[in-house]
Each structure stands twice: as structure tokens, then as C-alpha cells.
Trainee: 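Got a structure for you, written out below as C-alpha cells; questions coming shortly.
Since the structure is predicted, the reported quantities are computational estimates derived from the model, not experimental observations.
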Amino acid sequence: MNRRDVLAGAVRFGATLSLAAPFVLPHRARAATTISFATYGGSYGDFMKEFWIKPFTAETGISVEPIYGLDLAKVKAQVETGNVQWDVFDGPGTKVYGAAKEGLWEQIDTKLIDPSRFVRNPPSFAVPTAIYSGGIGYDPNRTKQPPRDFSQFWDVKNFPGRRAIQSSLGAGALEIALVADGVAPSQLYPLDIDRAFKALDRIKSRVNWFAETTQGTSLVQTNEVDYSLTYANRVKAANEAGISIDISLDQCINNMQYFSVLRGSPRKEAAMRFLEFVTRPAQQASIAARLGASPVTKGTEQVVDAKVRRWLPDFSSPKNVFVNDEYWADHFVELNKRFQEWILI
């Protein structure tokens, strides 16, 4: 499943809203009860069609047409020309927040979708649809007492072993470094950048800095590292495939995925109904079970079985970190430049 690679890497932060030339979509006739949904393909897209789109259409009679390939330039062109043919956009937090600054999204209908249903307060222009939670991966056959939180991951004396961290700001390196250095998760933003890099300096030479998200689990599997900052959904998939790997979710870094409705969508009401449907506990339980994502809706834990629940963090814990997408929408370019230069030193 490549979708996590997309989220944790360049797509999460690298998209721009610039438009080199006018973009005009060809006219396509469609029924009034069909909405277009810009999303990802692969196993993620297969899940959407089978477990969210099909039951939504069965309940409402509204068809959903997936459009594969997320392009904010096309979103901007449609909104600015008033020729809106996409209705719902599926994107990582920073991308969605960046587009909101250009006024590309409708306001969410809070009469239909009560913001209090979510585990975190949502923005006014999007609803969260999944949470991707990162913790400390390890091989339980080799390691009986792994580090359980980020400060212990940084503690090379009491928790010796080979470590791995993804060389991408999308994986939360700065946030994790600050929490490891003693900053409370609730006090992270705005980030103390100098302090974060000093904390990273202390551990840099002991870390295998990997590029691809898949390596977060494969490096543990092949005994190249003992501990890896990786994602629960990937560890779950590997574990269920018979690989000796587990993850500590005592402390997590969490990234939100969002759905937004394009401003000026002539099918806004139908699109809002789709957003309401996918954020119900039953649909959130399905994404937790099938894709290993953490649910965004309160009460979902009551409808998932124990085998699924073991891979879900406790979001009530003050130790957990939630990435501030609004902050990164403003600061990614400058901080990514510094981080990439630091990696090469």
C-alpha cells in the first residue's frame, strides 16, 4: 500500500497552488446524483469503492465517481473559472490547509456534520477522515524491553540499539525531537526550531536515516535496525502477514487526512452527505480494520473488535502528538530546506 508513502513524503508538503497556465476541463454530462471524488488509487482506492462508496450509494442513491490523481492546480482552475466539476477532494492536512488559504473550499455544513463527533476539533473547511499514527517499531523476538516513548528512543544509554528515522519532515522529525527533549505535546507549536535541531544533533550519528516509508518496517524485519519510528498501519499489515514486528503506541505522532468540498460545487449538498457518511463510526471502524488507520470519530472504539483495537492509540493520552497542519502550511518550505541541508552535513 503506497498511500502512506505519499502522505509522509513530498505530497504532504510539496504541493503548490501555482498555476502556470489556464486549465480547462472538458465538459462531461453527468447525472445530478453523481459526485466526483478526487482521491488515491491502489488498495486505498479499492477500499474506498467497496466500503465507503458502495454503501453510501446504496443508502442515498447518490453515485460517487472516483477521480485518481490529486492536483490542486486543477482545483484552483475549476474554482476560479466557476467550472467546478470535482466535488470532494481527499488530501493530507497541510495540503488541505494550504488550499484553504486560497479560498478553495466550501464551509462544512455543521447542521449535517456536528464537529463534536470528532476526536479532534476539525477546521471549518474540511472533515477528518483518517488518522495515521506513528510510534516505535521493533522485533519482539529480539527486543524484550524496547523504548516505549520518544524520550526513551533518544536514550541510547538505557535503551541501546540501532535506530531508524525517516529523513522527511512529513514523518514528524522536528516534533519528535522536541518531545524527546522534554517539550510537552500540548506546548509544541510554534516549534522551537533551534532546540529541535540540537536534539537531533545528539542522536544523528546513531540513526539510519531512511527515505521510503516502507523501510520503517523492512529495516526491522531484516535486522538492520532494532528500533524504527514507523506507522501503526504498516506494522499491523506486516504483523498480520506473519512477520515478527510490533509497535509501541504509548506515545504517537498523528497525521490527519481530510475530505473537503470544492467552493462553488453545484452538488454541494450531495457532497456534504458523503462526508457525513464516511465519518460515521461504522465507516470509521471499517478503515481501521481494513487499512489500519486510526478512526477520527468518537465511539468508533465501541464497534471495533479487540484485534483491531490493539493497533489503535489512546487519543485521550496527553503524551500523544497531533501535527499542526496550519503551522506546516506556512513554514514547510523554509524548514524543509534547513532539514535537508542538515541531513547532508
Side-chain angles (χ1 to χ4, degrees), residues 1-9 11-12 39-53 90-93 118-120 128-140 146 164 166 168 170-172 210 212-221 227-259 278-315 317 320-323:
M1 184 165 56
N2 295 324
R3 184 177 173 281
R4 185 64 247 178
D5 301 337
V6 174
L7 289 180
V11 168
R12 178 180 170 218
T39 186
Y40 304 87
S43 58
Y44 176 82
D46 293 340
F47 164 82
M48 289 288 166
K49 286 188 288 187
E50 186 66 26
F51 295 98
W52 282 7
I53 293 174
D90 177 2
F118 300 110
V119 297
R120 299 278 292 182
T129 54
I131 303 171
Y132 290 88
S133 302
I136 302 169
Y138 63 96
D139 182 342
Q166 189 169 4
S168 165
F210 62 91
E212 301 296 328
T213 306
T214 53
Q215 295 176 274
T217 52
S218 66
L219 289 171
V220 174
Q221 178 186 354
Y227 319 124
S228 172
L229 293 177
T230 187
Y231 294 96
N233 64 317
R234 290 197 169 272
V235 174
K236 175 180 181 291
N239 179 278
E240 291 175 349
I243 296 169
S244 178
I245 191 169
D246 208 337
I247 188 170
S248 169
L249 296 177
D250 289 6
Q251 186 167 53
C252 300
I253 185 161
N254 301 285
N255 291 282
M256 291 277 199
Q257 185 76 1
Y258 292 92
F259 284 7
V278 302
T279 56
R280 295 176 186 175
Q283 276 59 54
Q284 286 296 298
S286 68
I287 198 171
R290 302 282 175 169
L291 297 186
S294 299
V296 301
T297 306
K298 296 174 183 176
T300 304
E301 66 278 0
Q302 300 172 10
V303 296
V304 298
D305 62 35
K307 291 182 179 179
V308 175
R309 198 178 302 119
R310 78 170 293 258
W311 300 104
L312 305 179
D314 177 9
F315 289 136
S317 170
N320 284 322
V321 177
F322 281 85
V323 171

Trainee: Any chance you could measure Ser244, atom OG, to Tyr138, atom OH, to the nearest 0.5 Å?
Mentor: 9.5 Å
Trainee: Closer than 4.0 angstrom, basic N to acidic O: yes or no for Asp246 and Arg310?
Mentor: yes
Trainee: Atom CE in Met48, atom OG1 in Thr39: separation rounded to 0.5 Å?
Mentor: 5.0 Å
Trainee: Among residues two or more places apart or on two chains, list those pairs meeting ring pair (Phe, Tyr, Trp, His ring centres under 6.0 Å) that have a residue in residues 281-300.
Mentor: none
Trainee: Determine whether Asn255 and Tyr231 make a side-chain contact, defined as any pair of heavy atoms from C-beta on separated by less than 4.5 Å.
Mentor: yes
Trainee: Distance to the ring centre below 6.0 angstrom and angle to the axis at most 45 degrees; does that hold for Arg120 and Phe315?
Mentor: no
Trainee: Verify the distance criterion only: is there a donor paired with an acceptor across the side chains of Gln284 and Thr279 at less than 3.5 Å?
Mentor: no
Trainee: Looking at every non-hydrogen atom in both residues, tell me the closest pair between Val296 and Ala130 and how far apart they are.
Mentor: CG1-N, 3.3 Å
Trainee: Quiz question: by atom type and distance under 3.5 Å, do the side chains of Thr230 and Thr217 form a donor-acceptor pair?
Mentor: no
Trainee: Roughly how far, to the nearest 0.5 Å, is CD of Gln166 from CD of Glu212?
Mentor: 7.5 Å
Trainee: Taking all non-hydrogen atoms of both residues, which atom of Ser228 and which atom of Gly216 are closest, and how far apart?
Mentor: OG-O, 2.8 Å
Trainee: Of the non-hydrogen atoms in Gly172 and Ile253, which two are nearest, and what is the gap between them?
Mentor: CA-CD1, 3.6 Å
Trainee: Go through the structure and list residues passing salt bridge (charged side-chain N to carboxylate O under 4.0 Å, His left out) with Arg280, not counting sequence neighbours.
Mentor: Glu59, Glu276
Trainee: Which pairs pass side-chain hydrogen bond (donor to acceptor under 3.5 Å, both in side chains) with one or both residues in residues 295-305, sequence neighbours excluded?
Mentor: none
Trainee: Determine the minimum heavy-atom distance between Leu312 and Ser294, stating which atoms define it.
Mentor: CD2-CA, 4.0 Å
Trainee: Taking only residues two or more places apart in sequence or in another chain, which ones pass side chain to side chain contact (heavy atoms under 4.5 Å, CB included) with Ala238?
Mentor: Ile243, Ile245
Trainee: Quick one: do Glu240 and Trp311 satisfy side chain to side chain contact (heavy atoms under 4.5 Å, CB included)? Show the steps, please.
Mentor: CA-CA 11 Å; Glu240 291 175 349; Trp311 300 104; 4.2 Å; yes
Trainee: Consider only side-chain N and O atoms of Gln251 and Asn320, and report whether a donor and an acceptor are under 3.5 Å apart.
Mentor: no
Trainee: Rounded to the nearest 0.5 Å, what separation is found between the OH atom of Tyr258 and the OG1 atom of Thr129?
Mentor: 9.0 Å
Trainee: Do you know the tightest heavy-atom contact between Ile131 and Pro295?
Mentor: CD1-O, 3.7 Å
Trainee: So, using side chain to side chain contact (heavy atoms under 4.5 Å, CB included) as the criterion, who are the partners of Phe47 when residues are at least two apart?
Mentor: Phe51, Trp52, Ser286, Ile287, Arg290, Leu291
Trainee: Going by side chain to side chain contact (heavy atoms under 4.5 Å, CB included), name the residues that satisfy it together with Asp250, two or more places apart in sequence or in a different chain.
Mentor: Arg148, Ser248
Trainee: Please name the pair of heavy atoms, one in Asn254 and one in Ser133, separated by the smallest distance, quoted to 0.1 Å.
Mentor: OD1-OG, 2.6 Å
Trainee: Supply the atom-to-atom distance Lys49 NZ to Tyr44 OH, rounded to the nearest 0.5 angstrom.
Mentor: 13.5 Å
Trainee: Taking the side chain as everything from C-beta on, heavy atoms only, tell me whether Tyr40 gets closer than 4.5 Å to Gln257.
Mentor: yes
Trainee: Arg234 and side-chain contact (heavy atoms from CB on, under 4.5 Å): which partner among Thr214, Ile247, Asn239?
Mentor: Thr214
